[in-house]
Q: 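My structure is below; once you've seen it, I'll send some questions.
Fair warning: this is a prediction, and the values are worked out from it, not measured in the lab.
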Amino acid sequence: MIKKIVMIMMLILNIISFSEVPHTYIYDNPEKAITTAEILKKKPNGAEMNISVTKVKTQEIEGLFNKEDKKIYLTINELNMSDRIVITDTLKDIKNPSKLMLSKSKYDYEYNYPDIDVSTEGMALNSKLYIIVLDSTNNLKFIKKVSSVKEYKPELYSVVDKVMKMSARSNEVIFEFRREYLWNANQLITGEHISELTKEVEIGFGATNNTHGSHRGNNRTAYGRTFVDVIDANGTLIETKTFTWWTYLGGDNTHNANVPYRVYYTNKFNRPVIVKLRWSLDLGGYTAHINGGRADISVVKSVNQVFKYIVSPLEGTTNLSFNDNYQKSYANFSSTSYADSNALVLENSVPGMTFSTSGAGIITMENGDVLDINGVQTTVGASGNLGERVVNIGNLGLKYKVEGGKLRLGLNSWGVVEPLRTATIKVFRGAREVTNHVFNIQAPKRLEGSSRITLKEYYPIDTYIAFNSVNLNSPVPLALENSIRDVLLESSNQHGLATMQQGDILEINGVQSQIGTSGNLVEKAQNIDSLAFKYKVEGGKLRLALTGWGVLEPRRDITIRIIRGANEISKHVMNIKSPTKVEGDTSLKFDNTYQIRSFAKFKGINLSMPEFLVLERHQGVNLEGTNGAGIPYMNQGDKIYISDNFTVRRSRRAVFADNYYEIGASGTLAKQNIKLTNGEVGVQVEGGKLNLALNNWTVNKNVNVRVQIVRGTNQIMDHTFTLKAPDAPFNVISQGVLDFGTIIAGAKNRTAETDVKIEMIKDVTDIKFKLNTDSPELYNKNGTTLRARNLQALVRQQANRRYLVKIQGKLDVPENQELGEYSGSLVLEMKIK
């Protein structure tokens with residue numbers, strides 16, 4: 001049965017229309033002590049004179065003032081044994097060295113090259129003190145000015161008789177006796193010196209004898225001995241040693257008490273000890289021939305004894321390892337004394353930190369002690385307290401404070417995959433280092449990375465992208481764990497996302513969610529402007545899907561943070577490009593030269609570089625205006641939707657018309673005639689490019705067309721066309737359909753009739769109507785034809801400007817006609833004057 005036969009009529013009006021250089025400065029060298037310059041003047045009247053000018057600069061030195069001895073100790077290394085010295089408080093006679101040499105030093109002094117001990121007897125407070133040095137020919141050599149003195153405070157306990165001179169340099173103590181000539185015979189030197197607590201000691205001894213001949217041959221000496229006692233911090237004697245340097249000597253020329261200097265006792269102890277050095281030295285005596293006379297002298301001429309000990313600081317090493325559960329709390333450590341040297345003890349429980357130590361701990365700090373951490377020094381205050389400080393070691397922020405003399409340490413911040421850091425803790429008491437403790441610190445692991453992900457048009461919207469997770473101790477870059485069409489991980493820098501566990505906080509663009517049991521998180525949704533996405537966590541791993549995006553959606557950054565306890569353990573910036581979607585609107589004007597049903601063709605655009613719509617040249621069609629992007633090339637499998645439904649335009653989720661067409665091989669679609677509210681358009685696709693024709697329209701009304709293209713599950717284009725038909729001097733009041741109805745195959749002389757009512761806009765003098773054919777063709781969806789016959793137009797003027805056109809026709813249907821729905825078109829032509 002033939003379903004229906006419909007004749008669509010079109011009205012065509014045929015009208016002929018008329019249509020800055022850096023400067024170089026030369027300057028004296030201020031380090032030069034003596035500057036000599038010779039000036040040659042012009043020879044006056046044949047005479048010649050040479051003048052030599054010598055400039056002597058006063059050099060400043062520092063002295064040590066011994067309050068008990070009332071002496072200032074000076075050391076001048078530039079002195080020679082032959083130099084002559086004047087010590088005074090004025091440079092009044094400095095221009096006359098001869099006169100200066102005859103003057104007497106204002107202050108008494110002892111000279112023992114290169115040391116000078118100046119007596120302060122009779123010296124007024126703030127007196128100037130000059131040491132004027134002349135060479136052996138009485139020429140001025142140099143001048144030293146004592147610019148400052150500091151008090152000599154021996155920190156060593158020593159009992160030494162007046163015979164031996166004691167001097168201390170750092171931890172080295174020197175006891176010395178020397179007499180070249182006369183000395184009281186039978187001199188006995190005794191004394192002792194006690195060290196501080198020390199872990200290392202070295203003692204040396206040397207002696208020389210006088211060589212003058214004996215007058216009577218009764219030279220003699222008794223024992224010369226030193227004694228070394230080692231005592232622990234509790235006063236218990238650990239060991240004692242006796243060293244004998246000489247015994248009794250008698251007879252002329254047998255006074256040999258020569259002892260070459262050597263280190264005779266050295267030891268390193270595993271705990272601090274006190275070392276006590278005692279001596280009993282019988283220098284002996286005899287009557288010697290000296291300068292043609294006789295004198296009593298000692299057998300031993302000089303003694304040199306050096307007592308050197310090292311007050312080593314308390315030393316230890318501690319390892320602190322922090323994991324991701326660390327809450328940035330302080331670790332409280334014990335303290336110890338130098339005598340006890342106890343190991344370091346952790347006095348509180350610190351979650352997320354493991355502790356191990358060896359060696360001695362840290363000395364109890366006192367007011368005025370200096371705490372040094374990697375060279376950064378702070379002074380401990382009253383009651384052994386110090387407020388919180390932070391020192392940076394690379395990217396590690398180490399916070400510390402002192403409470404009641406005890407050290408507290410904690411981490412303030414740390415970098416990405418922070419390496420093992422070393423903090424050297426030193427404590428200085430006065431000028432002495434009393435603690436040297438090394439902390440090896442491993443901060444919690446923190447990962448950081450970035451990635452660039454591109455989703456193209458075939459990405460199946462709402463489909464989750466699965467990402468890997470990484471171990472904090474062996475981080476790797478981000479990777480995809482599933483393969484989805486048109487999802488590309490273009491790059492990943494540094495690290496991926498840490499594996500999440502129960503109780504962790506997942507923060508995405510500032511929105512936080514807590515991870516549940518087994519490292520899972522139910523689905524969440526977010527928007528970044530027009531980009532919509534959802535995410536979840538499965539087994540500690542992130543899954544993310546895009547659910548919608550805007551037109552030409554820009555690349556978006558999704559910042560992902562994972563927080564464990566108080567610590568950020570992972571941060572990743574994911575730069576995502578959603579599939580490209582374009583949008584536009586275009587206005588086309590058809591004029592009276594347009595050939596009905598002919599296709600206007602549009603150039604295709606590449607979605608990676610969306611451009612404006614471009615109309616290929618076509619007679620009777622003009623591009624009035626266009627906004628947005630053009631029409632993308634269509635691929636096989638794409639779907640094109642044609643409608644005049646604009647109510648859902650620009651909604652996030654695409655809503656499509658019922659009628660769509662799938663693009664075939666090589667980007668083609670055969671001609672399709674599509675009825676719209678105000679007319680009919682023809683659509684076809686060639687080489688992926690859209691072609692659009694105007695088949696039928698309501699006079700003086702636009703035909704609006706919405707064209708949508710879907711690729712896979714995604715809308716890639718939404719474009720509206722406003723088709724402006726040729727202008728007409730009339731309006732169509734009504735227009736019927738020449739409908740032959742339902743006909744049985746083989747029927748003859750089937751008739752149909754319809755009316756068209758037309759009203760002229762202006763008065764006309766003459767009007768003629770004519771059908772373009774009396775036997776138009778009708779087509780079904782398969783292209784099978786059927787032809788009507790005997791069509792005629794009967795015209796009747798109903799009013800001044802109104803006309804009724806009655807269209808009549810007949811149809812014969814062959815017996816073997818293919819069943820289906822047939823339709824066609826008919827043109828009613830008017831000629832007016």
Q: Less than 6.0 angstrom from the centroid, inside 45 degrees of the normal: does K536 satisfy that with respect to the ring of Y464?
A: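 Ring-cation test returns yes.
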Q: Is a donor from one side chain sitting under 3.5 angstrom from an acceptor on the other, for E753 and Q808?
A: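 Yes, because at least one side-chain N or O of E753 sits under 3.5 Å from a partner of the opposite role on Q808.
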Q: CZ/F769 to CG/L794 distance, rounded to the nearest 0.5 angstrom?
A: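 Atom-to-atom, F769:CZ and L794:CG are 12.0 Å apart.
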Q: Any side-chain to backbone donor/acceptor pair from N678 onto T698? Under 3.5 Å, distance only.
A: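 Not confirmed, N678 side chain does not pair with T698 backbone.
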Q: Surrounding NZ of K603 (heavy atoms of other residues, nucleotides or ligands, distance under 6.0 Å), is the total greater than 12?
A: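 Counting neighbours around NZ of K603, 12 or fewer heavy atoms of other residues, nucleotides or ligands fall under 6.0 Å, so no.
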Q: Will you find, in the side chains of S608 and N606, an N or O donor that is under 3.5 Å from an N or O acceptor?
A: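 Indeed, the side chains of S608 and N606 share at least one donor-acceptor pair under 3.5 Å.
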Q: Find out whether N691 and V683 are in side-chain contact, i.e. whether some heavy atom of one side chain is under 4.5 Å from a heavy atom of the other.
A: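 SC-SC contact between N691 and V683 ruled out.
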Q: As an exercise, state the distance from CD of E815 to CD1 of I744, rounded to the nearest 0.5 Å.
A: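 Atom-to-atom, E815:CD and I744:CD1 are 10.0 Å apart.
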Q: K581 vs E457, test: salt bridge (charged side-chain N to carboxylate O under 4.0 Å, His left out). Steps then yes/no.
A: CA-CA 8 Å; K581 178 169 68 176; E457 289 67 51; over 6 Å; no
Q: Closer than 3.5 angstrom, by distance alone: can the side chain of N509 be matched with the main-chain N or O of T559 as a donor-acceptor pair?
A: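 Checked: pair present.
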Q: With no hydrogens and no angle check, do the side chains of N780 and E818 hold a donor and an acceptor under 3.5 Å apart?
A: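 Looking only at side-chain atoms, E818 and N780 do form a donor-acceptor pair, the distance falling under 3.5 Å.
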Q: Counting neighbours of NZ on K806 that are heavy atoms of other residues, nucleotides or ligands and sit closer than 6.0 Å, is the number greater than 12?
A: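 Yes, because the 6.0 Å sphere around NZ of K806 holds more than 12 heavy atoms from other groups.
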Q: For residues S492 and P477, report the shortest heavy-atom separation together with the two atoms involved.
A: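 Heavy atoms of S492 and P477 come nearest at OG-CB, 3.6 Å.
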Q: Assess the side chains of T677 and D644: does a donor N or O sit below 3.5 Å from an acceptor N or O?
A: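 Their side chains do contain a donor-acceptor pair, which is all the 3.5 Å distance test asks for.
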Q: Salt-bridge test for D755 and R796: reply yes if a basic N is under 4.0 Å from a carboxylate O, no otherwise.
A: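 Between R796 and D755 there is no salt bridge, as every charged N stays at least 4.0 Å from the carboxylate O atoms.
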Q: Is D812 salt-bridged to K748, cutoff N-O under 4.0 Å?
A: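 A salt bridge is absent here (no side-chain N lies under 4.0 Å from a carboxylate O).
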Q: Please name the pair of heavy atoms, one in V805 and one in V795, separated by the smallest distance, quoted to 0.1 Å.
A: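 For V805 versus V795, the nearest heavy atoms are CG2-CG2, 4.2 Å.
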Q: Run the numbers on Y779 and T784 for side-chain contact (heavy atoms from CB on, under 4.5 Å), then give the verdict.
A: CA-CA 5 Å; Y779 304 87; T784 303; over 6 Å; no
Q: Classify the side-chain pair E680/N696 by whether it contains a donor and acceptor separated by less than 3.5 Å.
A: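 No, because no side-chain N or O of E680 sits under 3.5 Å from a partner of the opposite role on N696.
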Q: Looking at K577 and E490, is any side-chain nitrogen of the basic one under 4.0 Å from a carboxylate oxygen of the acidic one?
A: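 A salt bridge is absent here (no side-chain N lies under 4.0 Å from a carboxylate O).
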Q: Taking side chain as C-beta onward, heavy atoms only, is L478 less than 4.5 Å from Q494?
A: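 Not in contact.
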Q: Between I563 and Q512, is there a side-chain heavy-atom distance shorter than 4.5 Å?
A: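 Yes, close enough: below the 4.5 Å cut-off.
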Q: Answer yes or no: is there a side-chain heavy-atom contact under 4.5 Å between L811 and L786?
A: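 They are in side-chain contact.
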Q: Distance from K781 atom NZ to N673 atom CG, nearest 0.5 Å?
A: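 The NZ atom of K781 sits 15.5 Å away from the CG atom of N673.
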Q: Would you say the side chains of S451 and H572 form a donor-acceptor pair under 3.5 Å?
A: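 The answer is yes; a qualifying pair exists.
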Q: Between H719 and I631 (side chain of the first, backbone of the second, donor and acceptor by atom type, cut-off under 3.5 Å), is there such a pair?
A: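 Looks like no, no N/O pair under 3.5 Å.
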Q: Would you kindly say whether Y535 and Q526 are connected by a side-chain donor-acceptor distance under 3.5 Å?
A: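 Q526 and Y535 do have a side-chain donor-acceptor pair below 3.5 Å.
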Q: Looking at Y458, does the NZ or CZ of R485 lie under 6.0 angstrom from its six-membered ring centre and within 45 degrees of the ring axis?
A: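 Relative to the ring axis of Y458, which defines the angle, R485 lies inside both limits.
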Q: Before giving the answer on side-chain contact (heavy atoms from CB on, under 4.5 Å), spell out for L542 and L506 the whole-Å C-alpha distance, their side-chain angles and the decisive distance to 0.1 Å.
A: CA-CA 10 Å; L542 179 69; L506 172 63; 4.3 Å; yes
Q: Return yes if a side-chain donor-acceptor contact under 3.5 Å exists between R555 and N575, otherwise no.
A: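 Note: R555 and N575 side chains meet the donor-acceptor criterion.
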Q: State whether the number of non-hydrogen atoms from other residues, nucleotides or ligands found under 6.0 Å of E616 atom CD is greater than 12.
A: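 Correct, the count exceeds 12.
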Q: So, the side chain of E624 versus the backbone of N622: is there a donor-acceptor pair under 3.5 Å, distance only?
A: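 Checked: no pair found.
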Q: Side chains of D591 and T593: donor-acceptor distance under 3.5 Å anywhere?
A: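 A pair is found: one side chain offers a donor N or O, the other an acceptor, under 3.5 Å apart.
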Q: I need the L546 CG to F533 CZ distance, nearest 0.5 Å.
A: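 Here the interatomic distance stands at 8.5 Å.
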Q: Could you tell me whether the side chains of Y822 and E777 share a donor-acceptor contact shorter than 3.5 Å?
A: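 Result is no, nothing qualifies.
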Q: How long is the straight-line distance from CD1 of I642 back to CD1 of I674, given to the nearest 0.5 Å?
A: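 These two atoms lie 5.0 Å from each other.
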Q: With heavy-atom distances below 4.5 Å as the criterion, would you say the side chains of L804 and V756 are in contact?
A: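 A side-chain contact is absent here, since even the closest heavy-atom pair is not under 4.5 Å.
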Q: Is any side-chain heavy atom of F721 closer than 4.5 Å to one of L613?
A: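 Yes, their side chains come closer than 4.5 Å.
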Q: Give a yes or no on whether the backbone of D718 and the side-chain of Q715 come within a donor-acceptor separation of less than 3.5 Å.
A: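 Such a contact is absent between Q715 side chain and D718 backbone.
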Q: Just wondering, more than 12 heavy atoms not from Q619 lying within 6.0 Å of its CD?
A: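 Open: at most 12 neighbouring heavy atoms sit under 6.0 Å from CD of Q619.
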Q: Going by heavy atoms in the side chains, are L778 and S823 under 4.5 Å from each other?
A: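 Not touching, per the 4.5 Å side-chain cut-off.
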Q: Would you find more than 12 non-hydrogen atoms of other residues, nucleotides or ligands less than 6.0 Å from K757 atom NZ?
A: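 Atom NZ in K757 is not crowded, with 12 or fewer foreign heavy atoms closer than 6.0 Å.
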Q: Would V685 and T668 count as a side-chain contact (heavy atoms from CB on, under 4.5 Å) if you check the C-alpha gap in whole Å, the side-chain angles of each, and the deciding distance to 0.1 Å?
A: CA-CA 5 Å; V685 179; T668 59; 5.8 Å; no
Q: Let me see the working for E829 and K770 under salt bridge (charged side-chain N to carboxylate O under 4.0 Å, His left out), right down to the final yes or no.
A: CA-CA 5 Å; E829 298 178 345; K770 179 185 176 182; 5.1 Å; no
Q: Please walk me through it: do E568 and K571 pass salt bridge (charged side-chain N to carboxylate O under 4.0 Å, His left out)?
A: CA-CA 7 Å; E568 177 188 85; K571 181 180 179 181; 5.3 Å; no
Q: Under 3.5 Å, side chain of T547 to main-chain N/O of A532, donor-acceptor pair present?
A: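 A pair under 3.5 Å: yes.
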Q: Would you say I761 and N700 make side-chain contact, with heavy atoms under 4.5 Å?
A: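 Yes, their side chains come closer than 4.5 Å.
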Q: Are any of the side-chain nitrogens in D766 or K831 under 4.0 Å away from the carboxylate oxygens of its partner?
A: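 Not counted as a salt bridge, because no side-chain N and carboxylate O are separated by less than 4.0 Å.
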Q: Ignoring hydrogens, what is the shortest heavy-atom contact between A629 and I605? Give both atom names and the distance.
A: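 In this case the closest contact between A629 and I605 is CB-CD1, 4.1 Å.
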Q: Return the orientation label for the F590 and Y594 ring planes: parallel under 30°, perpendicular over 60°, tilted otherwise.
A: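 The rings of F590 and Y594 stand perpendicular, inter-plane angle above 60°.
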Q: Would you check if the side chain of W549 reaches a backbone N or O of P579 as a donor-acceptor pair within less than 3.5 Å?
A: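 Looks like yes, one N/O pair under 3.5 Å.
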Q: Drop me the distance from I461's CD1 to S578's OG, to the nearest 0.5 angstrom.
A: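 Output value for this atom pair is 9.5 Å.
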Q: Sub-3.5 Å donor-acceptor pair from the side chain of Q797 to the main-chain atoms of A799, do we have one?
A: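 Yes, the answer is positive, given that a donor and an acceptor are paired below the 3.5 Å cut-off.
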Q: For R802 and E759, run salt bridge (charged side-chain N to carboxylate O under 4.0 Å, His left out): C-alpha distance rounded to whole Å, both residues' side-chain angles, the deciding distance at 0.1 Å, then the answer.
A: CA-CA 4 Å; R802 183 171 293 186; E759 183 176 31; 3.7 Å; yes
Q: Could you check whether any side-chain N or O of Y641 sits under 3.5 Å from a backbone N or O of V710, counting only pairs where one atom can act as donor and the other as acceptor?
A: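 The answer is no, because no donor-acceptor pair under 3.5 Å joins these two groups.
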Q: Distance-only, no hydrogens or angles: does the T722 side chain make a donor-acceptor pair with backbone N or O of S587 under 3.5 Å?
A: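 No; zero donor-acceptor contacts below 3.5 Å.
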Q: Given side-chain contact (heavy atoms from CB on, under 4.5 Å), test T580 with I716 step by step and report yes or no.
A: CA-CA 6 Å; T580 301; I716 65 170; over 6 Å; no
